[in-house]
Amino acid sequence: EQAVAEEQQGICAEGLRFGQQNYVGLGFYDRQLAPYFERFPRRQIGVFLYDDLVQNPTAFMEELFRFLDVDPSFEPEMSVRYNVGGVLRGAWSRAAFKKRPWLIRFKRALPEPVRRVGDRWVEGLRASRLDVPSLSKEMRLHLADVYAEDVAHLEERIGRRLKGWLTPHRRG
């Protein structure tokens with residue numbers, strides 16, 4: 001909530017990369033998609049929603065593969081959830097799970113089965129060390145107001161109802 005308030009006041013913390021100081025701004029999905037819809041035929045644009053991935057990962061992947069013209073018999077590895085959101089508890093956790101280039105190179109050198117087992121273990125441990133802060137109802141209502149027009153335009157553009165996106169009790 002502090003980051004949202006600071007963004008709306010034009011305050012930006014030093015040392016943040018692109019996007020990290022733009023929480024609200026990057027949430028205007030229709031605004032971001034509009035230039036693509038203006039320049040490319042609709043059939044060349046696929047819009048896939050995280051909600052669909054969560055509700056039915058298999059159907060989501062099948063739809064994505066159809067759009068990309070990927071072999072429908074391909075079965076992706078979906079046992080590991082990467083980049084789970086939250087705030088790592090404690091300095092030890094933040095240090096232990098920091099991305100390091102040498103570790104990424106080492107991981108890529110491992111045989112695939114070993115990498116999968118390691119990913120499951122590491123990502124599971126990381127997720128267990130996360131706190132997931134929630135927004136107040138007031139902030140959810142505020143953001144619903146901020147995004148209402150953009151969501152309405154996006155619904156029209158992609159031909160899907162997204163009203164659940166503006167529900168204040170919804171957890172993100």
Which pairs count as salt bridge (Lys or Arg N to Asp or Glu O under 4.0 Å) when at least one residue sits in residues 89-99, sequence neighbours excluded?
-> Arg89-Asp131
Arg115 versus Arg108, closest heavy-atom pair with distance | NH2-O, 3.5 Å
Qualifying side chain to side chain donor-acceptor pair (under 3.5 Å) pairs with a residue from residues 28-47, counting only residues at least two apart or across chains = Asp30-Arg157
Which pairs pass side chain to side chain donor-acceptor pair (under 3.5 Å) with one or both residues in residues 57-76, sequence neighbours excluded?
-> Asp71-Ser73
Would you find more than 12 non-hydrogen atoms of other residues, nucleotides or ligands less than 6.0 Å from Glu1 atom CD?
-> yes
Nearest heavy-atom approach of Val84 to Arg81 is CG2-O, 3.7 Å
In Å, rounded to the nearest 0.5 Å, how long is the span from CZ of Arg100 to CD1 of Ile104?
-> 10.0 Å
Short question: side chain of Glu7, backbone of Tyr23 - any donor-acceptor pair under 3.5 Å?
-> yes
ring-ring contact (aromatic ring centres under 6.0 Å, His included) pairs, two or more places apart, involving residues 127-159 = Phe28-Tyr147
Go through the structure and list residues passing salt bridge (Lys or Arg N to Asp or Glu O under 4.0 Å) with Arg160, not counting sequence neighbours.
-> Asp52
What distance do Phe60 atom CZ and Phe65 atom CZ have between them, rounded to the nearest 0.5 Å?
-> 9.5 Å
Heavy-atom closest pair, residues Ser93 and Leu88 | O-CD1, 3.8 Å
Is Leu103 isolated, or which residues cluster with it under the ILVMFWY side-chain rule of less than 4.5 Å, directly or via members?
-> Trp102, Phe106, Leu110, Val114
Can you check whether Leu162's main-chain N or O pairs, donor with acceptor, with Glu155's side chain at less than 3.5 Å?
-> yes
